[in-house]
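To start, the structure itself, in structure tokens.
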Amino acid sequence: MNRSTVRSIRDVENYAPNVNIDRIAGNNGASISIRGISFQETDKSVDPPAGVILDGVYMGVVAGGLLHNFDMERIEVLRGPQGTLFGKNTTAGALNIVRSAPTGEWGGKVQLTVGSWDLRELRGLLNTPLGENGGLKLYASASQHDGYMEATVYDGDLGAQDYTQYGAKIFYEFTENFDVSFTAERIDDESDVGAWSNFNSFADLACLISVGGVPPAGIPPEASGAPFGSGCEELDVDSAEDNSPQNAPNTSDVTNEFYNLTANWTIGDWILTSITGYIERTEDFRVEYDAAQVEFLTVLAEQEYEQFSQELRINGDLPQNINLTAGLYYWNSEYDQFQESFDMWYYLGIGFGPEGGLWPGAVSSQLDGTGENEAYSAFASMDWQLTERLMLNLGGRITQEERKLATGTPNFMLNLPDGRAMEIMPGGQVQNFKDDWTEFSPRIALLYDISDDMMVFGSFASGFKSGGFFARTQNVDDINSYDPEYVDTYEIGLKSEWFDNRLRFNATAFYSDYTDKQEEVITNLGDGNVTTIVNNAADVEISGLELELTAQISRSLSGFLNTGFIDAEFSDFTVSDSEGNPVDNSGLELRNAPESTLNVGLDYYLPMGAIELGLHYNYRWRDEYHTILNNDERGLVDAGGFHSASVDLNWGEHFTISVYGRNIGDERYARVIPIGISTFGQYSPPDHYGVELNMSF
């Protein structure tokens, strides 16, 4: 976690098998894939199957998921269905992130980093005592860079980062049996929402209008105001892996407030724990979804989101060698999403173009929706030591979830040259949707200690992901209530240590059977109406193997190697085409699910008098994978290998200077997203380098 090459939780993929994490088109959003199951939708009305848990609080949205790594004590990668012990239920797994606690003593650290793209980072942490029984931790972090995509149309670079975080954590032990900690944190993020390249084909409207391909609307190609053919990937000379043809940055202004109150009360041999979490998040952003000089589809959006969670948990020992953890959990989230889309209505031949006497950009459409998600659950997990070497784990969680959505069809606005706007077509009446589900998720496992250094296990776990309503849709008549998806996962494995704990080897084989898996399908309804429809469209079978090896090779040299293999495909997947005819998509590969991953790392330390030299190297290889549901070739990411390395000089225990390089081989790839009327993509960053200075006291 202290390596200079580790910048955010995205770098977890370099150390864990069958984990793939990409940045997606959202406010610092993360597509986290664990064992082939992932999600890349940033809409607040849906839950990710792989959760992020921060200091015991489940983070309910994908946006903001790429948390910076400063002051993280550890990250636990939990593979497979979770819910028996961790907050809200998930089907793929979770990243459990734990940050450092106040030490109760004077001390701290400062970190300064400069690097490629004019990177400037300053991070600091201060610990102070709070009386004899408490401590206060203050921390702050600021990170800016100019972006790695050169703008060929806009005067300036794109993909810039401007991220600030600051907070405080208080810990106080009131008695020997009762302690409380409280965290208050704020993040201000004005980073670009990516810098996109043009992937429009000749079937996309964003391409067609630049070559005069919409004659029914009477639109000549010069009406777009862009060079001929510039809306098409094949003809756009301003779009490449290092160049973006956007007319302006995809800007954002995000504020995220995080509060956590945790209390522990020891009652005899039992510990009662209360975790109260609250998050309030606001987002404003401007995004060019055409990814071209053609001003075809620009969206301005405002989103407000808040969540509250309360967990009460008790842990202790029962007679007969039984340890019990049980508790109650409550979750509530509310959101309000508004977006206004510009330009494309002029080109669609529906009365808003030249036949109506209007001009490009004259008409915009506004869409608004609010929703609420609420869940109650009770859970228990029991570890029963049947014999000295054999232990049985039994667990279960019962959950009731309710989803609400209020939205209507969008209205249309006329934007006058003097800046005024007036409504020319009102939206439809607001409709209210509501549904609820009650589910039970069991778990059973057997663990057998072959020796003090070797254990084998087998387990079965069932999980589910709640149903709901997809909020961001242009046509309220297309809103449907989709049901939960279910998964049954079976595991067998080995955990072992060898040669006086100098070698650790773990192996796990698993099989997961998903039923009624939710898949979001982007559908072009015509007349510019593109909607996302979520259906329980598929059954999925996934089998895989994970091997993990860690070794202390010598006093100075240590290393690790892990590899993962998965076989994931839809076993039953039928959807409807634009005319309502069923289409069998069984056999398609899952998105964001490379068949194999390989991670290798080496660390070498060499004492040099008062200075210690540290050499660190990490290599990650992953197989090709798809990012588009129907396995469109534009969304195929080629197999690739990624090198990172750093050289550290350590003076005593308090000073370290590190020179690092990330993606040293300059491996590049793009995540491509078609939305029915245009197609855009985000290239991964090129190689980049930096110098980091750490001082602790």
Side-chain angles (χ1 to χ4, degrees), residues 53 55-58 73-74 76-90 93-94 96-98 101 133 171-181 260-277 309-330 376-399 440-463 489 491-497 501 504 506 508:
I53 302 165
D55 292 337
V57 177
Y58 171 83
E73 181 180 281
R74 69 181 186 272
E76 302 169 356
V77 181
L78 310 173
R79 298 183 284 258
Q82 304 296 319
T84 307
L85 291 176
F86 288 95
K88 205 167 184 299
N89 44 282
T90 63
N96 186 38
I97 300 170
V98 179
N133 300 316
F171 171 83
Y172 199 82
E173 188 177 69
F174 289 91
T175 70
E176 292 183 356
N177 298 323
F178 183 67
D179 62 73
V180 172
S181 64
N260 179 341
L261 177 64
T262 299
N264 295 287
W265 187 13
T266 301
I267 309 171
D269 295 331
W270 293 80
I271 298 177
L272 175 64
T273 298
S274 168
I275 302 175
T276 306
S309 61
Q310 175 63 57
E311 180 170 345
L312 291 174
R313 184 177 67 230
I314 193 166
N315 173 263
D317 293 326
L318 296 171
Q320 308 299 322
N321 299 318
I322 295 175
N323 178 268
L324 175 67
T325 299
L328 301 172
Y329 183 76
Y330 172 75
Y376 303 83
S377 60
F379 60 90
S381 179
M382 179 185 72
D383 291 331
W384 187 1
Q385 198 70 46
L386 299 175
T387 69
E388 184 178 349
R389 294 189 178 275
L390 181 64
M391 185 175 73
L392 170 67
N393 171 262
L394 293 174
R397 170 182 292 252
I398 186 167
T399 303
F440 176 70
S441 302
R443 184 181 189 273
I444 181 172
L446 277 172
L447 300 85
Y448 182 74
D449 293 326
I450 297 175
S451 67
D452 291 342
D453 299 320
M454 184 178 299
M455 180 264 284
V456 293
F457 66 91
S459 69
F460 165 81
S462 180
T489 295
E491 286 186 347
I492 57 172
L494 164 76
K495 294 185 182 294
S496 62
E497 292 179 336
N501 298 336
R504 175 179 295 163
N506 298 331
T508 304

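Given the structure is predicted, the values throughout are model-derived calculations rather than measurements. For the numbers below, each heavy atom of this structure counts, side chains included, while hydrogens, waters and symmetry mates do not.
Between Phe457 and Leu494, the shortest heavy-atom contact is CE2-N, 3.8 Å. For the pair Trp384 and Gln320, the tightest heavy-atom approach, listed with the atom from each and the gap, is NE1-O, 3.1 Å. Taking all atoms of both residues into account, the shortest heavy-atom contact from Arg443 to Ser459 is NH2-CB, 4.1 Å. Minimum interatomic distance between Ala263 and Phe178 (heavy atoms only, all atoms of both residues): CB-CE1, 4.2 Å. Here the closest heavy-atom approach between residue Ala461 and residue Pro81 is recorded as O-CG, 4.1 Å.
Asp55 is linked by a salt bridge (charged side-chain N to carboxylate O under 4.0 Å, His left out) to Arg99, counting only residues two or more places apart in sequence or in another chain. Annotation: side-chain contact (heavy atoms from CB on, under 4.5 Å) contacts of Ser381 (sequence neighbours excluded): Thr84, Leu85, Asn393. For Asn133, the side-chain contact (heavy atoms from CB on, under 4.5 Å) partners two or more places apart in sequence, or in a different chain, are Tyr172, Glu173. Partners of Arg79 according to the salt bridge (charged side-chain N to carboxylate O under 4.0 Å, His left out) rule, which considers only residues two or more places apart in sequence or in another chain, are Glu546, Glu548. In terms of the ring-ring contact (aromatic ring centres under 6.0 Å, His included) criterion, Phe379 has no residue partners (sequence neighbours excluded).
In this structure, Tyr330 and Tyr376 have tilted ring planes: the angle between them lies in the 30° to 60° band.
Counting heavy atoms from C-beta outward, Arg313 and Ile275 have side chains that approach closer than 4.5 Å. Contact annotation: the side chain of Thr399 never approaches that of Ser441 to less than 4.5 Å [non-hydrogen atoms, C-beta and beyond]. The closest side-chain heavy-atom distance from Asn264 to Thr262 is below 4.5 Å. Between Trp270 and Leu318, the closest side-chain pair of non-hydrogen atoms falls below 4.5 Å. Side-chain contact between Val180 and Phe174 is present, with at least one heavy-atom pair separated by less than 4.5 Å.
The distance from the CG atom of Asp383 to the CG atom of Asp317 is 10.0 Å, given to the nearest 0.5 Å. Separating the CZ atom in Arg397 from the NZ atom in Lys88 is a distance of 9.5 Å, to the nearest 0.5 Å. Between Met382 atom CE and Leu392 atom CG the span is 5.5 Å, to the nearest 0.5 Å. Asn321 CG to Met391 CE: the interatomic distance, rounded to the nearest 0.5 Å, is 11.5 Å. The distance from atom CE of Met455 to atom OG of Ser496, rounded to the nearest 0.5 Å, is 10.0 Å. For the atom pair OG1 of Thr325 and CD1 of Ile271, the computed distance is 9.5 Å after rounding to the nearest 0.5 Å.
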Going through the checks in order, is the side chain to side chain donor-acceptor pair (under 3.5 Å) test met by Asp179 and Ser181?
CA-CA 7 Å; Asp179 62 73; Ser181 64; over 6 Å; no

Exercise answer: donor-acceptor pairs, residues 445-453 side-chain atoms, under 3.5 Å, sequence neighbours excluded:
from	atom 1	to	atom 2	distance (Å)
Ser451	OG	Asp453	N	3.2
Ser451	OG	Met454	N	3.4

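Annotation: Ile267, atom CD1; neighbour count of heavy atoms from other residues, nucleotides and ligands within 6.0 Å is above 12.
Checked by atom type, the side-chain pair Asn96/Glu76 shows a donor-acceptor distance below 3.5 Å.
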